[in-house]
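Position 1 is the first residue of the sequence, and the numbers go up from there. This is a predicted model, so every value here is computed, not measured. All heavy atoms count here, side chains included; hydrogens, waters and symmetry mates do not.
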Amino acid sequence: MFLQLKTFFLLIVGISAISYQQSIKCGETKEGNRQANESVIFTFNALNDYDQVYLEGCKSTHDIVLEIKDSTGHLIKSQDDQPPNQPRQNGGECENRFAPDITIPGYVKRGQQYTFVVKGYRQRHGDYSVTLVCETLTYPDEIPSTTPFPTQLPTSSPTSYQDDDEECSRIRKPWHLLSESERQLFINGFRELKKIGKLDYFTQTHADRGIDKHNNAGFLPWHRYFIWELETQFRNLGGDYKCFGLPYWDWSYDIAQHEYNVADWQILNSGLGGAGNKDNNYCVDNDGWDSYTPYNNDNDVNCLRRKICGESGEISCAFWGGGGQASALHSLLSDEYNYGDDDDKDYRYWLETKHGAAHVRIGGPQDKGGGHLGSTSTATHDPIFYLI
């Protein structure tokens, strides 16, 4: 009898923490009543490839919190309130801004599994209503590419860009040596590719967790082709872009000129926008970038965000330890013992580590509320990404 009473007591005490799990399909709406401290769980198995998948919580009657987890249970993303300045995914109106939408970052591939969790804020409870929306985005007439895009695997043989002018070679110049007009050519082309939807392909591809391209031997060749294809899309704009060469950021120049005073770096004072405004969610609001809208923004603020090192006392974030200086880079490139080291601390490892530090110096650490450039899933929203 005592054991029966104890079991009954535990059931009564734990009833508020019970999680209900059910499946959800594209286009399906799930409704119910959620008790305080209760989590409602929906599993989603992708039956096709989708450009965008999001859970719409608009019609819930109380303050809910949405989460996305991957197939291993790892938390990918959490969304509390719907930001006042961020429109609903479906463009509709919703009076309850405390019932947000939440989007799976990047592409969703057939066979992938995700879990959506509907939780409450503190002791809030009430009716919930969520709809799963799966979209295959449509773009304007495609600009022809040298290969079907995006390519995840190497083509059987190298492709080539057909230049009418034999002298139209691909030469990349450092950003700090470009003329004013050459810099503006990159900025205008970047905006045009964004306008016609081509840039969104690159954003989605780099955010795709299914493509293993970081922290392994694929880092350099994958990104080399990624940048080559972007340069090709610039050239396909025609006119002044026929022989366009994508510039690059020589960060050793900025370090030599301004050391680690990031706000003074020339890359942030030459048309690409500067440090984010800390009084406005670290949004970049100069050089005309206040009108730029990132694709599928994961930072809950509809702007380009940068939280440079030094903001909010984060002086030591992404410390290069001298690794950003030209002499250190030269040493890395010329040290034959860095190639193919057995413990994987080889050339690629050290170069990718320093490359990552460049990301975080401008974007800010992801775990400290950093901006787009500080996270691999959102870095391509920032035009500086393509120059690093």
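- A donor and an acceptor atom, one from each side chain of Gln184 and Glu180, are nowhere located under 3.5 Å apart.
- Between the Asn277 side chain and the Asp279 main chain, a donor and an acceptor come within less than 3.5 Å of each other.
- The salt bridge (Lys or Arg N to Asp or Glu O under 4.0 Å) with Asp382 is formed by just one residue from the set Arg306, Arg305, Lys194; it is Arg306.
- Atom-to-atom distance recorded for Gln52:CD and Asp200:CG is 10.0 Å, nearest 0.5 angstrom.
- In this structure the side chain of Leu132 never reaches within 4.5 angstrom of the side chain of Lys25, judged on heavy atoms.
- For the pair Val118 and Leu66, the minimum side-chain heavy-atom distance is below 4.5 Å.
- A distance of 11.5 Å separates CG in Asn188 from NZ in Lys195, rounded to the nearest 0.5 Å.
- For Tyr386, there are no ring pair (Phe, Tyr, Trp, His ring centres under 6.0 Å) partners at least two apart in sequence or on another chain.
- The two residues Ile64 and Pro100 come nearest to each other via the heavy atoms O-CD, 3.6 Å.
- In this structure, the side chain of Tyr128 does not engage the main chain of Gly120 through any donor-acceptor pair within 3.5 Å.
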Show your working on salt bridge (Lys or Arg N to Asp or Glu O under 4.0 Å) between Arg170 and Glu231 and close with a plain yes or no. CA-CA 9 Å; Arg170 294 176 181 258; Glu231 185 178 69; 2.5 Å; yes
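- Inter-residue side-chain proximity for Asn302 and Tyr292 is flagged as unmet; no heavy-atom pair is nearer than 4.5 Å.
- Ser291 contributes atom OG, which lies 5.0 Å from atom CZ of Arg191 (distance to the nearest 0.5 angstrom).
- At a threshold of 4.5 Å between non-hydrogen side-chain atoms, the residues Leu272 and Leu387 count as touching.
- Using a 4.5 Å heavy-atom threshold, the side chains of Thr29 and Val130 count as separate.
- Few gaps surround NE2 on His206; more than 12 heavy atoms of other groups in view lie less than 6.0 Å from it.
- Between His372 and Pro294, the closest side-chain pair of non-hydrogen atoms falls below 4.5 Å.
- Scanning all heavy atoms of the two residues, the minimum distance from Pro247 to Leu178 falls at CB-CD1, 3.6 Å.
- Taken to the nearest 0.5 Å, the CD1 atom of Ile362 stands 8.5 Å off from the CD1 atom of Ile308.
- Asp70 places a side-chain N or O within donor-acceptor distance of the main-chain N or O of Gly73, the cut-off being under 3.5 Å.
- Note that CD1 of Ile24 and CG of Leu55 are 5.5 Å apart. Values are rounded to the nearest 0.5 Å.
- Looking only at atom types and distance, the side chain of Gln113 has a donor-acceptor partner in the side chain of Asn45 under 3.5 Å away.
- Residues Ser39 and Val117 approach most closely at CB-CG1, 4.1 Å, considering heavy atoms.
- In terms of heavy-atom proximity, Glu352 sits nearest to Asn215 at OE2-N, 2.9 Å.
- Look at Asp208 and Lys213 and you find no salt bridge, because none of the NZ, NE, NH1 or NH2 atoms lies under 4.0 Å from a carboxylate O.
- In this structure a side-chain-to-backbone donor-acceptor pair under 3.5 Å is missing from Asp287 to Trp289.
- Under the 3.5 Å distance criterion, the side-chain polar atoms of Gln257 are left unmatched by any main-chain donor or acceptor of Tyr253.
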Start with the C-alpha gap between Leu373 and Thr378, add the side-chain angles, then the distance that decides, and say whether side-chain contact (heavy atoms from CB on, under 4.5 Å) holds. CA-CA 7 Å; Leu373 205 56; Thr378 60; over 6 Å; no
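- In the model, Glu56 has no side-chain atom that pairs as donor or acceptor with a side-chain atom of Tyr54 under 3.5 Å.
- Counting heavy atoms from C-beta on, the side chains of Val133 and Val53 never come closer than 4.5 Å.
- In this structure, Tyr241 and Phe244 have tilted ring planes: the angle between them lies in the 30° to 60° band.
- Between the side chains of Asn37 and Gln35, no donor-acceptor pair is found at a separation under 3.5 Å.
- Nearest heavy-atom pair across His125 and Ala36 is CB-N, 3.4 Å.
- At a cut-off of 3.5 Å, with distance as the only test, no side-chain donor of Trp222 or Asp212 sits close to an acceptor on the other residue.
- The CG atom of Leu47 sits 8.5 Å away from the SG atom of Cys134 when rounded to the nearest 0.5 Å.
- Under the ring pair (Phe, Tyr, Trp, His ring centres under 6.0 Å) test applied with Trp249, the options Trp175, Trp265, Phe385, Phe186 reduce to a single match, Trp265.
- Residues meeting the ring pair (Phe, Tyr, Trp, His ring centres under 6.0 Å) test with Phe44, sequence neighbours left out: none.
- Within 6.0 Å of the CD atom in Glu259, the count of heavy atoms belonging to other residues, nucleotides or ligands does not exceed 12.
- With contacts defined as side-chain heavy-atom distances shorter than 4.5 Å, the pair Arg224/Glu229 does not qualify.
- Between the side chain of Thr232 and the backbone N or O of Trp228, at least one donor-acceptor pair lies under 3.5 Å.
- The main-chain N or O of Arg110 is found under 3.5 Å from a side-chain atom of Asp49 such that the two form a donor-acceptor pair.
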Could you go through the salt bridge (Lys or Arg N to Asp or Glu O under 4.0 Å) check for Glu182 and Lys173 one step at a time? CA-CA 10 Å; Glu182 287 175 323; Lys173 299 179 182 179; 3.2 Å; yes
